[in-house]
Each structure stands twice: as structure tokens, then as C-alpha cells.
Amino acid sequence: MLYLILCFLLGFFSSSLLSFSLSLPPTHLCRPEQSSALLQFKSNFSLSISNCSQDYHIVSVHKTDSWDKDTDCCKWEGVVCDNRKGNVIGLDLSCSGLIGSIQSNSSLFSLQNLRWLNLAGNYFGNSEIPSEFGKLRSLTYLNLSDTALTGFVPHEISLLSELVSLDLGQNYLLFRDHDFNMLVHNLTKLENIVLDRMSLSLVVPNSFLNLTVSLKHLSLSYCELQGNFPAQLFHLPFLQNIILRHNSNLIGYLPETNWSSPLSLLDVSGTRFPKGLPASIGNLKHLKELSLSSCVFMGSIPSTLGNLTKLTFLDISNNMFQGKIPDVFGNLNYLSSMDFSSNNFSGVFPSSAFNLISLTFMDFSSNFLRGTLPNNISGLSYLRELHLYANLLRGRVPGWLFSLPSLEYLDLHSNKLNGPIDPIQEPNLVLLNLTSLNLSSNNLSGNIKSCMLVKLRNLRSLDLSFNNLLSLTRCSNDVNSTLPMIIEFHFSSCNMQRFPSFLNASKHLKVLDLSNNQIHGSITKWEGEGWEDLSTLNLSMNFLTSVEQIPGKHLYILDLRSNSLQGLLPTPPQELSYYLISNNELGGEISSKICNLSFLSVLDLSKNKLSGTIPDCFRSFRDQPSMTVLRTVNLNGNQLEGSIPQSLTNCYSLEVLDLGNNNINDTFPYWLGTLPNLKVLVLRSNRFHGDIPNFNGTFSFSSLQMIDLSRNEFTGHIPPELFENLKSMKDIQVSESDPVYIGGNYYRDSVIVTTKGSDFKLERILVSFTVIDFSSNHFKGSIPKEVGELKSLIVLNFSHNSLAGNIPPSLGNLAALESLDLSSNKLQGRIPMQLTNLTFLGVLNLSHNNLEGTIPLANHFDTFPNDSYVGNSGLCGFPLSKTCGNDQEPKSPPSTVGDESEIALIWKIAAMGYGSGLVLGLSMGYIVFTTGRPRWLVKMIKRNPKRRMRTRIHRNGRRKN
């Protein structure tokens, strides 16, 4: 009875309260002070378009646009309230285009009930994390990632003891080791921690041992971590994701025993895990993604890898794994991407990999895998990319490769595949998706017909180069034999005998490379029509005799080098940038129309039979600034006459001018010194004459690093001012990374260098390579002492002139010098002791002068042969048969090299094998293979660097044999 009364009263009270509330005006759930705090926070920022849409594929929205003081803040976009008390408990302003900084007095910190705060993807550049974040004690979720925050993370963050998720990644933040220890010690509820791309270089990895056992997600990529990563973390009972990628100084190993956890993602790529992959990896039954690339892993792959049946992503590329790959992929039905490239795997290719039903990406390239590709397969229906290049695969290319319905990229280059390519079959008349096919550098043979290729209707890139028994012919009826989508067609170094005119209707074709084939005859006007979009045409190293019409009206690169072209120079297209037609039999004069090529960068007409004068038309460049891009002019090896046109001074970008081996009759073109970028000037073997005038600051040749005036008729004194102006030869920095050469990606300049009386062709010119060659002229007077200022000079040749006086001691300052030839002059006096300081010197020729006295034996001077000194009747001592004094071989004079030079010498020895360019490439090669005496180099390297230089010279100064 009492229960019924209470129910009645409660119902009456509720209905009365409801009636009363409906009669009142509507109220806001949001508390006024919190609405005011949010609006004040909004006013501290300006708005812009966020980059989130690009980086995270999230649409950028200005969420604060909906914030209006007259509306309930609990209904504002990005705001979540407690429905009972109206407190703001969640704020998501991620990717909202906010620009500004969070100040320590920000109204944000008055929202004491906040549980979720996400400000990711905004821009708080050049501001630090305020320590007041520690006041938000109710926070369970905090995301400040990708906001351009800087400075140290304040220790107050460790006061947020309720935090379950913390993301500070993608910022310019640093953690002190002590503050990080406090954080992992106090935040005992953390399940998710992301610190990607912030600096943890001050944090000791053992600090991670204090992380809570409830941790599920740990992401520390690109964090500059260093030291030993504790393997115990891999055993955390709830850990699902661990990402350590690209911490190159982080060392660790994976657990070898008792390893079972709920891990679904393991990424240690780009770290240093030098041990092998343990068999215990097979215990991770929930693993979906495994990334171990670039970790220095060694050893073999355990067969337990086949136990990871939930695996979708597998990358172990760029390691030192070896041995056979276990054929255990049969049960990996969910695997969509696998990368085993750039290891040392050997043995037969695992056949079960070809039966994977979900695979979209497969890469086993750059290994030593053998065997043949299977004749048929049952999987790979979804495969989009297949990379098996740089292995030892043999046998034929099976036709099923072209029938995979989803395949877009197929790369089998650099194997030992042989025989003809199997016919291409279309699967159920469905258009093939293959867009890129590379079978280059194999042993393929046979004849590919044009009508076979056209089945690959979506093909954009085809490379069959370097299969010297493979040919390409057109079908009898090739009206429709075209590749409508083709962009690049590479058939270099094969057995093609006819120009593939069937491609002229391919409207998207940009690159056609048919170099080094057997194409004879001419390209007719009919064959040259079409080619609407062609930009690069390489027909070099063939047997073409004429080109009636150059294919392509918009060519950027035309390469016809090393053919048998005759007649006049073909008229190039107007937009041409590279005009390469050297090593042919072209005659006639160079037309002034060459100056109408507004975008010409490289002009190489060398080794032809061109006559007449160089057209003096370059002055038009002043009126067309776009034409100043001309970088290289190579007319070497023709029959050109007359003088050098002074209009070349308008070619401001000119770096290489090679006019050698012609009949040019002129005086020294001192006015070329105004060209600010001129690096290489070759005038050898012409009829240049007269004195070289004294220089002033206007004609400086400040960038020149190679000047060859040899084999001309120059007279008079060598002006000292020339060498004072050669700034580029005084201090050239040798690259510590990959060698850098003069020229671009497609064309690299070459040059002839004379050393040891022989000519050597440098196919590429290092930017650090320097040469002065004034040999075989009629220069007189003394050698200017200013030459000794060129400390980056590598080759110096003043031979076969009439130079007199003493060898200047300043030549001993040429620290980089590798070849010195002063032979066949009238030099006198003693050989300066300072020359023994030239520790890189590999070629020395002082023969046929009037030198006298004792030949120095310090350092490596005892390695130079007799030919270096013959024809000097006053010289004596080793290696000459004439002895000095009382029939005794002279003792080595004490070295003038001090302790500082010893350090420099050790540094130079370390650098010799890399940047020198000539000693090891030409001079040292010549010495080793012709004289058999590299003893000085061996002795220099073997010396103890802790001993004093003076002791080493006395001990090793004499020849032992």
C-alpha cells in the first residue's frame, strides 16, 4: 500500500515539475563562465586553411565559426558537455586552421573539467607548451600533435595522472631525461603514447621500462633515440602496436624466447637490430604488420614466419639476411604486401609466394635468387606490383605475367632470363592494366612484333634495353599497331634494325631511346612525321647515314652521336635544349640559325668535318634573355677556321667551351674572362698565336678550373696576373658524399687530359678536377711563382716550351697536385726540396732541362723512374746512374714538414681514394700498371700516425730494393 502511495506522489511531482519547466523560457545547458572562456580562447587565434587535408586526408573546417555567444556552447562544433552539470568536458579543434600561440594565461586552463582535448593540426609556431597544462587534472586524452610547438616538454605534464592517451608528435619538442622519467612513472593509466618526430635524444631508453603494463600503443618514430632499447618492452602483456622506425642510433634485439603477446603491429625499420630474426616471431599470432627494413638484421629467415596467418604487411628489405627463403607462404592468405628486397638471399625463389590470393605488392629485387619462374600459378589475382629485378633468375618470361588482371608494374631487369618472350594473352578479352614493363639487362632473344605489344593497351613505360639478341619488327598489317598510352619506350643496346615508325601515332610518347642498335640507312620524311609529344629522342650509336626529317616538333633532347651521318647539319626543332650530334661525318658550315634555338643548353658538334667559321650570332642573346641558358659548346675535332666570335660573351651561363683540334687562327680570347660561370676552356691543337696579355680585374676567369692551351703557337711570358685571378683553383671543396660532375643528368661533359706524354679521355669531369696545360707552345721567361697559390690544382703541364730560370719553390704549396710536367724547357738550378711535400704527386717529369744537383729522396721521391730526370746533365743521385760526391748515394735531407703537416698528411691519405680524381684514376693507374711501383703509397698508409713525421722519413726515405 505504501509503495503505491509513493509511486502516486512521485508521478504527481514529476508531472507538476515537467509542466512548470515547460512554462519557463528555454535555458542553455552550457555554463556562462565556460562559454565565455571558450570565446576568449577563440579570440586569441586567427584562421587559415589547414594542411590537415594534405597530410591526414582530413577535410579542414573552421570549427570555431559556429561559436556564437547567443547560442548554447554545448551545441558548438567541437565542444562536448556534461549533460548533467553543463561543464565542458571535451574540446576537439583538430585541423581547424588556428594560428597563434597558447599563452600561460589562456582561458583554456579555466576549463578544469576537460577530459578530452584535441588541438592537433593547427599552428602554434614558435611557442612552447605552457606549464599550466598541468592544471587540467581531469584530462584522459591529450593531442597536441603537428602544431609546430617548440622547446622542452614541461614536467607539469606528468601531473596529468588520469591520462590514457598522449600525443605530442610531429613537433619541435624535446624531453629532458628527468622529466620523461617523471612522466612514465606518474602516468600509470597510459595506454597510448605517440611522440613521433620530436627529440628524445636526451632520454635514456631504459626509462621506457617504467611505462605502465597497461600500454597498448607506443609510437616513437624519428625521435633521435640512441642507445640500447630494452627488449622487455616487447613482452608487455597488452601491447598491440610498437613503432620505433627511423631511429638510426637505436640498438636492440627481438626476444628469442618466451615471446607471446597481442602485438598486431611491429615496426623497427631504420634502427640497428644487428641480430637475426628469432624463431619466436612465429608466436605472435595476432601480428598484422611487420616492418624490419634497414635494420642490419643478419642470418636466415625462420620457417616460423609461416605461422603469422593474420599478416597483411611484411617488409624485411635492405638488411643482411642470407640463405634460402623458406617456402612457407601458403597460409598467409591475408598478406597484401611483401618486400624482401636488397638482402643477400640465395637459392630458389619460393614458389608458394606466387599463390597468395590477397597480395597486391611483391618485391624480391636485389638478391641472389636463382631458378626459373613457374609455368603457371593459382594466385596473384590482385597483384599490382611485381619487382624481381637484380637477381639470377633464368629461363623464359612466362606469358601469364602479362595476363594478371590487376598487374600495373612488372620489373624483371638485370637477371639472366633468356629465350623469346612468351606470347601475350589477353585474359577473357579484358583490357590489361599493365602500365610499366621493364625486362632490360637480360639475355632475351627472338623477335617482338609490333602487333604483340599493342595488346598492352595501357602501357606507359616499356624498357627492353640491353638484350643484344632481341629485335623489334612491325607486323605486315600494323594500321592499328600502336601503343596509345605509351610515354617512355626504351629499346637501347638490342638488335633493332629498323626505325619503329609504327609509334609515330602514339600521342603521349615523350621518350624514345633506340641507342646502340643496328639501325641503318636514313629516317625518311614520312617516318619523321607525327610524334606530336616527343621530347627526348636518342638514336646514338647506330648506323644512320641521313635524317630527312627529325621526328618531333617539340624535342627537348636530340641525341644522334656516333652514327655515320653525312651531308649538312640537320635543322633542329625550335624548342631543342640538347643538340648532340658528335662523332659523325657531317660537313659544311655551322648555320647562324643555331642562334635561333631559344632554349639551347648543350651544343655538341664535336668530331665531325665541319668547316668555315663559328657563326658570330650569339649577340642576339641580349635581346632574348631565355637564350642565356647555353651551358656547353663543344666543337672539338672539326676543321673550323677564323677567330672565336666575341658574341660568346653574351652567353652568361656558359660553363664549358671546347674548341680544341681545329684550325682556328686567333690570339688569346682574354675577353672570355668576363663569363662568370666558365669552368672549362679548351683551345688545344689550333693555330692560336701571340702573347697572352696582362690581366686586370675585368677579365678574371674567376670560375675557371680547366684551361688547356697546349699545341698552339703562343709566345712571350706567362702573365702572373692570370693565376692570381683563378679563384676556383685556390680552394675547391671536395664532396664528402657521392662524386659531383660537371653537366646534367642526361649529358655530362668530357675532356682530353695529357699526362705522361699520352692523352686520356675523361668521360666525366669532377667539379673538383683542375688542370692547367700550356704545353707545346713558345712561352719564355720564368714560371710565375703565383702558380703556387693554386692549392686545388691537380694537373700542371708547362712542358715543351722555352721557359728558363729556377723552378719556383712555391710549387711545393700545390697540396692537391697529382701530375707535374715541366719537361723539355730551359729550366736551371736545383730541384726545390719543397716539391717533396707534394704527397699526392703521382706523375713527375722534369726531363730535358738544365737542372743540376742532387735529386731529393724525401717522402716518395724515390719512386719516380729514371725517365723523370733524364736529359739534365747536372743532376745526380738515385734513380740516375750518376752518383753524387764520392761515389756515394746522397742521404735524404731532413724534412721541413712539421707536426701540423703530419695531421694534414694523414687527412689527405684518407681522402685520396675519393676525391682526387686522377692519381687513382689515371696517374696511379699508369704508375701501378707500367712501372709497378706504388711503394710510396703503401708506405704512407702503413706508417704509424702516432710517430713523428721526421722519424718516418728517415726510416722509409730510401728504396729498399
Side-chain angles (χ1 to χ4, degrees), residues 317 337-342 349 353-354 359-374 380 383-424 432-450 452-472 483-496 500 503 506 508-517 536 538 745-746:
S317 63
S337 177
M338 61 189 307
D339 191 344
F340 283 58
S341 64
S342 300
F349 192 90
F354 287 114
L359 203 64
T360 61
F361 179 91
M362 179 194 293
D363 191 347
F364 284 84
S365 63
S366 299
N367 282 287
F368 300 95
L369 296 173
R370 300 178 180 273
T372 60
L373 296 175
L380 305 185
L383 189 67
R384 291 199 300 268
E385 295 189 35
L386 176 59
H387 304 276
L388 304 179
Y389 61 86
N391 277 288
L392 302 172
L393 298 174
R394 296 179 179 273
R396 299 178 64 162
V397 178
W400 59 260
L401 281 170
F402 308 107
S403 302
L404 295 176
S406 303
L407 192 64
E408 298 177 9
Y409 300 92
L410 173 59
D411 194 343
L412 304 177
H413 82 262
S414 301
N415 277 283
K416 295 185 177 182
L417 298 169
N418 51 54
I421 300 174
D422 283 356
I424 298 175
L432 298 179
N433 290 316
L434 194 63
T435 61
S436 178
L437 173 61
N438 191 342
L439 302 177
S440 63
S441 300
N442 280 284
N443 299 318
L444 299 175
S445 60
N447 182 24
I448 298 179
K449 290 188 176 294
S450 58
M452 171 182 171
L453 285 177
V454 298
K455 295 179 180 180
L456 304 175
R457 297 177 182 84
N458 292 308
L459 199 63
R460 288 169 170 80
S461 176
L462 173 65
D463 193 346
L464 299 173
S465 303
F466 300 100
N467 290 282
N468 57 11
L469 298 178
L470 190 65
S471 61
L472 174 65
L483 296 169
M485 305 301 294
I486 195 70
I487 297 174
E488 295 190 18
F489 191 97
H490 299 270
F491 212 91
S492 172
S493 301
C494 292
N495 192 32
M496 180 183 289
L503 290 172
S506 301
H508 302 287
L509 183 63
K510 293 182 179 296
V511 178
L512 179 60
D513 183 0
L514 308 176
S515 59
N516 195 21
N517 273 285
T536 298
N538 188 351
N745 293 329
Y746 186 86

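Computation of the quantities below employed the complete heavy-atom set of this structure, encompassing side-chain atoms and omitting hydrogens, waters and symmetry-equivalent molecules. Numbers here simply count residues along the sequence, with the first being 1.
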Check: T536 and D513 side chains under 4.5 Å, non-hydrogen atoms: no
Donor-acceptor contact below 3.5 Å, side chain D339 vs main chain S341: yes
side-chain hydrogen bond (donor to acceptor under 3.5 Å, both in side chains) against S493, all qualifying residues, sequence neighbours excluded: N516
Test item: L509 and L503 side chains (from C-beta on) under 4.5 Å apart, heavy atoms: yes
Under the ring pair (Phe, Tyr, Trp, His ring centres under 6.0 Å) test, residues paired with H413 that sit two or more places apart: Y389
Donor-acceptor contact below 3.5 Å, side chain N442 vs main chain L412: yes
Non-hydrogen side-chain atoms of L462 and L453 separated by less than 4.5 Å: yes
Between CD on residue E385 and OG on residue S406, distance to nearest 0.5 Å: 12.0 Å
For the student: nearest non-hydrogen atoms of R370 and L393, plus distance: O-CD2, 3.5 Å
Qualifying salt bridge (Lys or Arg N to Asp or Glu O under 4.0 Å) pairs with a residue from residues 394-407, counting only residues at least two apart or across chains: R396-D422
Full working for side chain to side chain contact (heavy atoms under 4.5 Å, CB included) between F466 and F491: CA-CA 8 Å; F466 300 100; F491 212 91; over 6 Å; no
Side-chain touch L439/I421, heavy atoms, less than 4.5 angstrom: yes
Listed partners of L469 passing side chain to side chain contact (heavy atoms under 4.5 Å, CB included), at least two apart: S445
Flag side-chain contact, heavy atom, 4.5 Å: V511 against F489: no
N433 side chain to P405 backbone, donor-acceptor under 3.5 Å: yes
Residue pair L464 / H490, side-chain heavy-atom distance below 4.5 Å: no
Donor-acceptor contact below 3.5 Å, side chain D463 vs main chain N438: no
Ring pair (Phe, Tyr, Trp, His ring centres under 6.0 Å) partners for F364, two or more places apart: F340, F349
Chi angles and distances behind the side chain to side chain contact (heavy atoms under 4.5 Å, CB included) call for K449, L472: CA-CA 6 Å; K449 290 188 176 294; L472 174 65; over 6 Å; no
OG1 on T435 to CG on L410, rounded to 0.5 Å: 10.5 Å
Sub-4.5 Å side-chain heavy-atom contact between L401 and L386: yes
Nearest heavy-atom neighbours spanning R457 and P484: O-CG, 3.6 Å
L437 versus F402, closest heavy-atom pair with distance: CD2-CE2, 3.7 Å
H508 side, atom NE2; R460 side, atom CZ - distance, nearest 0.5 Å: 8.0 Å
S440 OG to L470 CG distance, which is reported to the nearest 0.5 Å: 11.5 Å
Partners meeting side-chain hydrogen bond (donor to acceptor under 3.5 Å, both in side chains) with S506 (sequence neighbours left out): T482
Atom pair CG (L373) and CG (L388), whose distance is rounded to the nearest 0.5 Å: 6.5 Å
Pairs satisfying salt bridge (Lys or Arg N to Asp or Glu O under 4.0 Å), at least one member in residues 406-415, at least two apart: none
Over all atoms of both residues, closest heavy-atom pair of F368 and L392: O-CD1, 4.0 Å
Flag for Y746-N538: side-chain donor and acceptor within less than 3.5 Å: yes
Residues which pass side chain to side chain contact (heavy atoms under 4.5 Å, CB included) with K510, listed by chain and number, not counting sequence neighbours: I487, D533, S535
Partner residues of N495 under the side chain to side chain contact (heavy atoms under 4.5 Å, CB included) criterion, sequence neighbours left out: S471, Q497, Q518
Contact summary for S492 and S515, nearest pair of heavy atoms: OG-OG, 2.8 Å
Sequence-distant partners of S337, side chain to side chain contact (heavy atoms under 4.5 Å, CB included), two or more places apart: F313, F361
Distance, nearest 0.5 Å, that separates OG of S441 from NZ of K416: 13.0 Å
Residues in side-chain hydrogen bond (donor to acceptor under 3.5 Å, both in side chains) contact with S317, at least two apart in sequence or another chain: D315
Heavy-atom pair of closest approach, residues P500 and L514: CD-CD1, 3.3 Å
Partner set under side-chain hydrogen bond (donor to acceptor under 3.5 Å, both in side chains) for S366, not counting sequence neighbours: none
Side-chain donor/acceptor of N415 to backbone N/O of L417, under 3.5 Å: no
